[in-house]
2 protein chains.
Amino acid sequence: MLELNQKEWDAFSNIFVFRSVPKKCRLTDAGEIAREAYFINKGLARLYFLKEGEEINANFVFENGFITSFESFLLQNQSRQVVETLEESELLVLRKHKLDELTKAFPKFNIFNKIMAEQAFFMLQRRASSFILDSAEQRYLDMVQQRPNILERIPQHMIASYLGVTPVSLSRIRKRISGE
Amino acid sequence: MLELNQKEWDAFSNIFVFRSVPKKCRLTDAGEIAREAYFINKGLARLYFLKEGEEINANFVFENGFITSFESFLLQNQSRQVVETLEESELLVLRKHKLDELTKAFPKFNIFNKIMAEQAFFMLQRRASSFILDSAEQRYLDMVQQRPNILERIPQHMIASYLGVTPVSLSRIRKRISGE
DNA sequence: CCATTTCATTATCAAAAGATAATAAATCAC
DNA sequence: GTGATTTATTATCTTTTGATAATGAAATGG
């Protein structure tokens, strides 16, 4: 799909910079422009909204995943979401202006941009339709099936807002399920 | 952003085909591959899920808008959504394989693909966050503000599922609002 | 044009979820 | 290690929403 010669590959790998960060490190704050996107080599990060001081989790991203406030990164406007590590992490940092330079030098990388936008869309599409079509209980069951590492590595009250319910309600859902 | 010479412009405009369709015309069915996307010249179409026989509206698209089952169109897999006109419509039809041919001939059009994926993402992002952050009542108020043509041209029971509530519940929301 | 169907509202009842508080368990900081 | 904080569960109460049915209004289709 994206076949690169040596020169292109060098240019591509050079736009990523390694960075080590502690846990609870805010990589992008709400209101600020997401000038970077992060490939997670080791560790774990989350994306969340702030609503009246309350944190509402939109996504959790693990090893080999890619995280950023996509809308802000793509449009370079103020982010409505926060990107924050949950564990000590090792990141490959992609800077937007570097990516733009690369795309200018090698138009072929427009395909990379396309793939990034598409992936962000597909991810969101799956999530949005589960909110539209399924109950919170079904969403929880699907999550356990499809993303078991969330259950293992994320505290329950954070999972609650990810599923769109209160921590109390999630606890009730779990009880309901276990008693069946 | 996408500057074209005469040849490119000709090639681009040639991939669109005009089509007139009656109302309630199914342009893409669930389970079928969306081989086309539609620019709406005149008329109105909607995108909806089928859940146990029930239609759950995901979007309404008016004149000068672009509609397709994006995931299916982009990946050429089975669509989980239906595309259907609500009024007699005039469409500019874009066939996927034509677009692929164009992109192959003029790699520049990768930017078009990128923009399409981005737009689909931004639209969905706005909608998904309203489901996560706002109440159905707030969603209704926002809709009245930002997309008043929905209220004017779409029957209320279809708006209900678009907002994620039952028709009865939407009727209650409207009563609550009017009595304030 | 009229019969039939669809649509929006309202009432009633049941189920689910939020708010709040109490408690016990787990985790964290020093 | 221990005191303080955070977290998960449970109980109680309230609010919201859904399910269902009834009604009148509007739209539809021969």
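Note that the structure is predicted; figures quoted are calculated from it, not measured. Only this structure's heavy atoms are used, side chains among them; waters, hydrogens and symmetry mates stay out. Proteins come first, then strands; the chains are lettered A, B, ... in the order of their sequence lines, and each starts at number 1.
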Q.
Using every non-hydrogen atom in the two residues, find where Tyr48(A) and Arg26(A) come nearest and quote the distance to one decimal.
A. OH-NH2, 3.2 Å
Q: Look at all strands and tell whether Arg174(B) reaches a base, only sugar-phosphate, or nothing, counting heavy atoms closer than 4.0 Å.
A: sugar-phosphate
Q: Specify the closest pair of heavy atoms between Ser89(A) and Leu44(A), including all atoms of both residues, with the distance to one decimal.
A: OG-N, 3.2 Å
Q.
Aromatic contact between Phe122(B) and Phe70(A), with the criterion being ring centroids under 6.0 Å apart: yes or no?
A. no
**Q.** Neighbours of DNA chain C within residues 138-161 of chain B, by heavy-atom distance under 4.0 Å
**A.** Pro155(B), Gln156(B), His157(B)
Q. Arg172(B) or Leu170(A): which one's nearest nucleotide on DNA chain C is closer to the 5' end?
A. Arg172(B)
Q. Checking all strands, does Ser171(A) fall into the base, sugar-phosphate, or nothing category for heavy-atom contacts under 4.0 angstrom?
A. base
Q. When all nucleic acid strands are considered with a 4.0 Å heavy-atom cut-off, which category describes Val165(B): base, sugar-phosphate, or nothing?
A. sugar-phosphate
(Q) Students should find this one: the first and last nucleotides of DNA chain C, 5' to 3', lying under 4.0 Å from a heavy atom of chain A. What are they? (A) dA17(C) to dT20(C)
Q) Do the ring planes of Phe112(A) and Phe12(A) sit parallel (below 30°), tilted (30 to 60°) or perpendicular (above 60°)? A) perpendicular
Q. Which class fits the ring pair Phe109(A) and Phe106(A): parallel under 30°, tilted 30 to 60°, perpendicular over 60°?
A. perpendicular
Q) With a 3.5 Å cut-off and no angle check, do the side chains of Tyr38(B) and Glu36(B) form a donor-acceptor pair? A) yes
(Q) Whether the Asn110(A) and Thr103(A) side chains hold a donor-acceptor pair (N or O, under 3.5 Å, no angle test) is what I'd like checked. (A) no
Q.
I'd like to know whether the aromatic ring centres of Tyr162(A) and Phe60(A) sit less than 6.0 Å apart in this structure.
A. yes
(Q) Need to verify one output field. Residue with the more 5' nearest nucleotide on DNA chain D, Lys24(B) or Ala136(B)? (A) Ala136(B)
(Q) I want to check a possible cation-pi pair here: Arg139(B) against Phe131(B), using under 6.0 Å from ring centre and within 45° of the ring axis as the test. (A) yes
(Q) For the OG atom of Ser79(A) and the CD atom of Glu71(A), what is their distance to the nearest 0.5 Å? (A) 8.5 Å
Q) Going from CD on Gln125(B) to OG on Ser69(A), what distance comes out if it is rounded to the nearest 0.5 angstrom? A) 7.0 Å
**Q.** Positional range of nucleotides in DNA chain D within the contact set of chain B, heavy-atom, under 4.0 Å
**A.** dT17(D) to dT20(D)
